Amino acid sequence: MIAGRFRLVLRTSLGFAALGVGSSVAGAGVVALLLLLQGLPEDVDDRGWVLGVTAAGVVALALVVGTLWTAYLQRRTVVWFTIGRPPTADEAKRALRLPFDMAVVSGTLWLIGALALGILAGVLGSIGDAAGIALTIGLGGLTTVGLTYLAAEWVARPVMTMALDVLPPRGTLPVTVLTRLVVTWVLASGVPLIGVLLVTTPPDLGRHGNPTASLIVLSVTGLTTGAIGTALLSRAVAAPLHRLRIALDGIARGRTDVRVDVDDSSEIGMLQTSVNDLAAGLREQDRMRDLFGRHVGTDVARHALEYGASLSGDVREVTALFVDVVDSTALASRTPPQELVEKLNRFFASVVSAVDARGGLVNKFQGDAALCVFGAPTRLSDGPTMALAAARAIRDAVVSEGELDLGIGVATGQVFAGQLGASSRLEYTVIGDAVNEAARLTEHAKAAPSRVLASETTVKAALGGEREHWRLHGELHLRGRHRETRTWTT
């Protein structure tokens with residue numbers, strides 16, 4: 001980790017140094033070659049050495065001043081970038097200005113050089129020499145500034161990534177894709193074409209030497225700077241767009257753990273931020289859907305997402321399974337709360353597992369009891385069969401654990417299944433005689449040897465394979481009902 005950080009810092013620092021020195025030296029060399037091929041300056045006679053020495057001094061001074069100036073601008077950025085800590089808002093703002101600041105440094109030094117050498121050429125020679133030298137140096141400086149800006153954005157990517165984590169691109173942007181396109185056009189077409197015009201049209205500025213050689217140099221320079229500028233533009237625009245496309249493809253396939261590094265302060269950076277916000281929003285939706293599903297059941301959650309939040313439902317035939325712990329009051333009095341909760345959680349885990357495996361819904365937990373529904377909200381072709389099988393599975397699982405005693409009642413009938421409550425607070429529930437009957441059967445099941453009782457309607461509606469597990473228990477008088485209820489047990 002530390003070694004990787006050191007290599008990144010070293011590579012970035014060396015990149016800035018190479019960029020500053022290399023661009024200035026290369027630009028100065030091309031300018032000197034163009035002036036030589038054009039025969040400028042022409043009227044200085046034997047005093048040309050003065051201009052040459054001055055030019056060399058200006059270049060050397062520019063390198064020293066430029067290096068110190070750039071180091072001064074980067075002094076605060078280097079500290080937090082080197083140790084890897086997040087920058088403050090002010091530090092991030094300065095870091096995002098590095099490419100522009102480096103371009104300003106380069107442009108200022110080239111402007112000073114053009115003015116100094118142009119004035120000196122005018123003093124030693126003629127106005128034509130002054131204009132020709134100043135314009136040639138100015139075009140060389142413009143090219144160098146453009147390349148410095150584009151290359152500095154590339155070199156500063158690691159720094160900008162950390163800065164943009166603190167100050168993501170919002171509102172008015174300091175840099176736009178249009179800015180980069182204009183700079184690239186200037187490098188590839190603007191400066192070389194202006195140079196061609198200066199070489200071929202003004203007699204005093206471009207016809208003292210060999211125009212053919214000057215045009216060749218301008219063409220090669222234009223092709224080189226254009227290729228470099230286009231490559232830097234491609235890296236600044238096409239590469240991030242490629243990463244964004246990969247990220248969006250992942251999101252389209254259902255991945256929500258996607259994150260794109262925000263390393264651009266233009267519209268592309270805004271797009272990167274938007275993609276990250278999109279992925280974060282989808283993760284939050286998945287989290288809410290998961291929590292919602294855990295609280296109300298995945299089938300209810302799917303029903304709510306499909307039909308929305310409305311007080312609606314329908315009447316359908318379902319099988320209700322009610323399960324309750326025996327003598328829970330005495331159990332709570334002699335069991336520490338935390339231990340009791342752990343036992344109930346293990347008990348409910350058996351209930352949920354058995355019901356979910358057979359397509360049912362654990363509609364609600366009621367203290368130490370649970371209401372389970374087969375046939376709502378998802379319709380089942382054999383709800384009674386699944387409910388009876390789930391009752392036996394719950395009984396067997398709880399008995400094998402030996403921690404709690406229970407009673408289970410199962411009944412089938414017409415109920416209302418849907419959203420109940422108020423517009424601001426809804427609950428999916430089932431209401432009907434079958435639910436009440438299942439609850440009353442549970443009271444009697446606590447005293448039955450098998451701990452499970454089912455209504456005759458439920459057993460007769462089940463498939464033959466499941467009916468074989470059940471036998472007639474007898475008729476019971478259920479609280480709140482006028483007629484005896486014929487029951488079965490397993």
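As the structure is a computational prediction, the values presented were derived from the model and not from experiment.
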Problem set entry | Close side-chain approach of R157 to R235, heavy-atom, < 4.5 Å | no

Exercise. Are any non-hydrogen side-chain atoms of T148 and V105 less than 4.5 angstrom apart?
Worked result: no

Exercise. What's the shortest heavy-atom distance between R316 and D314, and which atoms?
Worked result: NH2-OD2, 3.1 Å

For this session: Start with the C-alpha gap between V177 and I268, add the side-chain angles, then the distance that decides, and say whether side-chain contact (heavy atoms from CB on, under 4.5 Å) holds.
Result: CA-CA 8 Å; V177 175; I268 294 176; 4.1 Å; yes

Exercise. Do you know which two heavy atoms are closest between P169 and L164, and how far apart they sit?
Worked result: CD-CD2, 3.8 Å

Exercise. Mind checking whether L321 and R358 have side chains closer than 4.5 Å, heavy atoms only?
Worked result: no

Exercise. How close do G113 and V58 get, heavy atom to heavy atom, and via which atoms?
Worked result: CA-CG1, 3.8 Å

For this session: Nearest 0.5 Å please: distance from the SG atom of C372 over to the CG atom of N363.
Result: 8.5 Å

Exercise. Can you tell if the side chain of F365 reaches within under 4.5 Å of the side chain of L344, non-hydrogen atoms only?
Worked result: no

Problem set entry | V183 side chain near L233 side chain, heavy-atom distance below 4.5 Å | no

Exercise. Yes or no on salt bridge (charged side-chain N to carboxylate O under 4.0 Å, His left out) for R346 and E403, after CA distance, side-chain angles and deciding distance?
Worked result: CA-CA 9 Å; R346 287 190 288 270; E403 290 186 323; 2.8 Å; yes

For this session: Looking only at non-hydrogen atoms, find the nearest pair between A354 and A393 and report the distance.
Result: CB-CB, 4.0 Å

Exercise. Is it true that atom CZ of F100 has more than 12 heavy atoms of other residues, nucleotides or ligands lying nearer than 6.0 Å?
Worked result: no

For this session: Specify the closest pair of heavy atoms between V430 and A376, including all atoms of both residues, with the distance to one decimal.
Result: CG1-CB, 4.4 Å

Exercise. Would you call D90-R94 a salt bridge at under 4.0 Å N-O?
Worked result: no

Exercise. Heavy atoms, side chains only, cut-off 4.5 Å: are R259 and N276 in contact?
Worked result: yes

Problem set entry | Note, F347 side chain near V323 side chain (heavy atom, < 4.5 Å) | yes

Exercise. Any side-chain heavy atom of F374 within less than 4.5 Å of one from V355?
Worked result: yes

Exercise. So does D264 pair up with R243, basic N to acidic O under 4.0 Å?
Worked result: no

For this session: First locate atom CZ of R255, then atom CG of L248, and finally report the distance between them rounded to the nearest 0.5 Å.
Result: 12.0 Å

Exercise. Where the side chain of S400 meets the backbone of A397, is there a donor-acceptor pair that is under 3.5 Å apart?
Worked result: yes

Exercise. Taking Q272 for the side chain and D263 for the main chain, is one N or O donor matched with an acceptor at less than 3.5 Å?
Worked result: yes

For this session: Can you measure from CD1 (I246) to CD1 (I251) and round to the nearest 0.5 angstrom?
Result: 12.5 Å

For this session: Taking all heavy atoms of W110 and all of G140, pick out the closest pair and write down the distance.
Result: CZ3-C, 4.0 Å

Exercise. Should V258 and L282 be marked as a side-chain contact (heavy atoms from CB on, under 4.5 Å) after you check the CA-CA gap, both sets of side-chain angles, and the distance that decides it?
Worked result: CA-CA 10 Å; V258 173; L282 292 175; over 6 Å; no

Seminar exercise, completed: When rounded to the nearest 0.5 Å, the distance separating CG of D286 from CD of E284 is 9.5 Å

For this session: For side-chain contact (heavy atoms from CB on, under 4.5 Å), just list the numbers for T108 and W69, CA-CA rounded to whole Å, side-chain angles, deciding distance to a tenth of an Å, and then say yes or no.
Result: CA-CA 11 Å; T108 302; W69 194 354; 4.0 Å; yes

For this session: Hey, could you give me the CG/CE distance between D261 and M160, rounded to the nearest 0.5 Å?
Result: 13.0 Å

Exercise. Any chance the side chains of S350 and S353 put a donor and an acceptor closer than 3.5 Å?
Worked result: no

Exercise. Does any N or O in the side chain of T184 come within less than 3.5 Å of the main-chain N or O of R180, such that one atom is a donor and the other an acceptor?
Worked result: yes

Problem set entry | Spacing of CG belonging to L278 relative to OG1 belonging to T273, to within rounding of 0.5 Å | 12.5 Å

For this session: Apply the test side-chain contact (heavy atoms from CB on, under 4.5 Å) to residues L150 and I228: give CA-CA distance (whole Å), side-chain angles for both, the deciding distance (0.1 Å), then the verdict.
Result: CA-CA 9 Å; L150 293 177; I228 296 174; over 6 Å; no

